[in-house]
Amino acid sequence: MPGALPLNELAGWYRASARDLPWRRPEFDAWGTLVSEIMLQQTQAARVAVEIDRWLTRWPTPADLADAPTHEVLRQWGTLGYPRRALRLQDTARAIVERHGREVPRDVDALLALPGVGDYTARAVAVFHYGDRHPVVDTNVRRVIARAVHGQGEAGPAKRRDLADVEALLPAEPAEASVISIALMELGALVCTARAPRCEVCPIAAACAWRAAGYPAYEGKRAPRQSRFAGSDRQARGTVLRALRGVDVPLTEAELAPLWPEDEQRERAIGSLAADGLVVREGGSVRLPH
DNA sequence: GTCCCGTCTC
DNA sequence: GAGACTGGAC
């Protein structure tokens, strides 16, 4: 087992170099933290940063979002991507109102039970807002640990085991553990990046097992190649939903047809959007849910 | 064109 | 464990 990470160097680097992001402001409450973490699941921080304040101004509490018309929630979600997250966020707001007395739960298992909240998001809220001690493991953290601790260039597919691995290297004190978790994420986002790591400015380069081994090429399993977006069902779904966000009336199949001329794929896209609850078919028309 | 990268479903 | 799911950056 390689030596321990220099945690003091890492924490010091974070304090000096962290980006000034809205959700790191001290006045961000538990709800704001949860909303921002859901948005950050699939979307770059810079894009979330320009949307989060507008969202929280409109729906400052779970009760406000629970009562909102779903079509307005989808419109406000805009082009953040993966709009099923917006539906699940509203479902989560309703669950918080109904099951948790309008307060975002602190307990990790209660958070995990909320729709759209998985291993990363549940612990991010418990750690970054409530200050509890848990491993917060996203892809950045897994890559940093893979390199610095295990001497591997890449992390390979996510495993449950990763949580225990990270937990083992966190300081015992919850506040210190929280800083290390956020610092590992920030290091992976800014310095220990996937494609062009900037080892010359890395605060833990001297202890990095991958660097010490001479940057061996990664031999393990890789995530499968992502299929093409152009011409995909994903693109067709996005095209239909974008059109519906832009109007406040249902669109007929005839109005949608020119936007995605291939009939079979357009129908499949509308059908899968309806199955997800993102659109409603009514007669020969398609609309956003009320 | 390639990469990004958490949750859910199967 | 594998694949679906968006839109934008590079």
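Just so it is clear: chains get the letters A, B, ... in the order the sequence lines come, proteins before strands, and each one is counted from 1. Atoms considered below: every heavy atom in the structure, side chains included; atoms not considered: hydrogens, waters and symmetry mates.
Ring centers of Trp77(A) and Trp55(A): under 6.0 Å apart, within the cut-off.
Listed candidates were dC5(B), dG7(C), dT6(C). Nearest to the side chain of Leu278(A) is dT6(C). Checking dG7(C), dT6(C), dC5(C) against every side-chain atom of Asp233(A), the shortest atom distance belongs to dC5(C). Here the nucleotide nearest the side chain of Gln41(A), chosen from dG8(C), dG6(B), dA4(C), is dG6(B). With dA4(C), dC5(B), dT6(C) as the candidates, the nucleotide lying closest to the side chain of Ser227(A) is dA4(C).
Using a 4.0 Å heavy-atom criterion, one finds that Gly118(A) contacts the sugar-phosphate atoms exclusively. Across all strands, Pro115(A) comes closer than 4.0 Å only to sugar-phosphate atoms, never to a base (heavy-atom distances). Within the nucleic acid shown, Tyr120(A) comes within 4.0 Å of sugar-phosphate atoms alone, with no base atom in reach, counting heavy atoms only. Within 4.0 Å (heavy atoms only), Ala46(A) reaches no atom of the nucleic acid at all. Contact annotation for Asp138(A): backbone-only contact, meaning every heavy-atom pair under 4.0 Å involves sugar-phosphate atoms and none involves a base. Arg88(A) comes within 4.0 angstrom of the backbone, heavy atoms only, and of no base. In this structure, Thr121(A) reaches the sugar-phosphate backbone alone: every heavy-atom distance under 4.0 Å involves primed, P, OP1 or OP2 atoms, never a base.
Arg142(A) has its CZ atom 11 Å from the C1' atom of dG6(B), to the nearest Å. Distance CG (Leu89(A)) to C1' (dC8(B)): 16 Å, rounded to an integer number of Å. Between the C1' atom of dG6(B) and the CG atom of Leu40(A) lies a distance of 11 Å, rounded to the nearest Å. For the pair Leu87(A) CG and dA4(C) P, the computed distance is 21 Å after rounding to whole Å. Counting to the nearest Å, the P atom of dT2(B) and the CZ atom of Arg195(A) are 11 Å from each other. Rounded to an integer number of Å, the gap from CZ of Arg228(A) to P of dC3(B) is 12 Å. Summarising the geometry, the separation between CD on Gln226(A) and P on dC4(B) is reported as 10 Å, rounded to the nearest angstrom. The separation between Arg237(A) atom CZ and dG3(C) atom C1' is 14 Å, rounded to whole Å.
Scanning atom types as modelled, one donor and one acceptor separated by under 3.5 angstrom connect the side chain of Gln42(A) and the base of dG6(B).
Residues Val279(A) and Leu241(A) are in side-chain contact: their nearest non-hydrogen atoms beyond the backbone lie under 4.5 Å apart.
On the P atoms, dT6(C) is 15 Å away from dC10(B), given to the nearest whole Å. Look at the P atom in both dT7(B) and dG8(C): the space between them is 22 Å, to the nearest Å.
An OP1 or OP2 oxygen of dG8(C) is reached within less than 4.0 angstrom by a side-chain nitrogen or oxygen of Thr79(A).
For the residue pair Gln41(A) / Tyr82(A), no side-chain donor-acceptor distance below 3.5 Å is found, with atom types taken as modelled. Side-chain polar atoms of Thr70(A) and Gln90(A) form a donor-acceptor pair below 3.5 angstrom.
Transitive grouping of hydrophobic side chains (ILVMFWY, heavy atoms separated by less than 4.5 Å) brings Leu21(A) and Phe28(A) into a common cluster.
Between Asp276(A) and Ala158(A), it is Ala158(A) whose nearest contact on DNA chain C lies nearer the 5' terminus. If Asp119(A) and Gln44(A) are placed on DNA chain B by their nearest nucleotide, the residue sitting closer to the 5' end is Gln44(A).
In this structure, the salt bridge (Lys or Arg N to Asp or Glu O under 4.0 Å) partners of Glu267(A), at least two apart in sequence or on a different chain, are Arg281(A).
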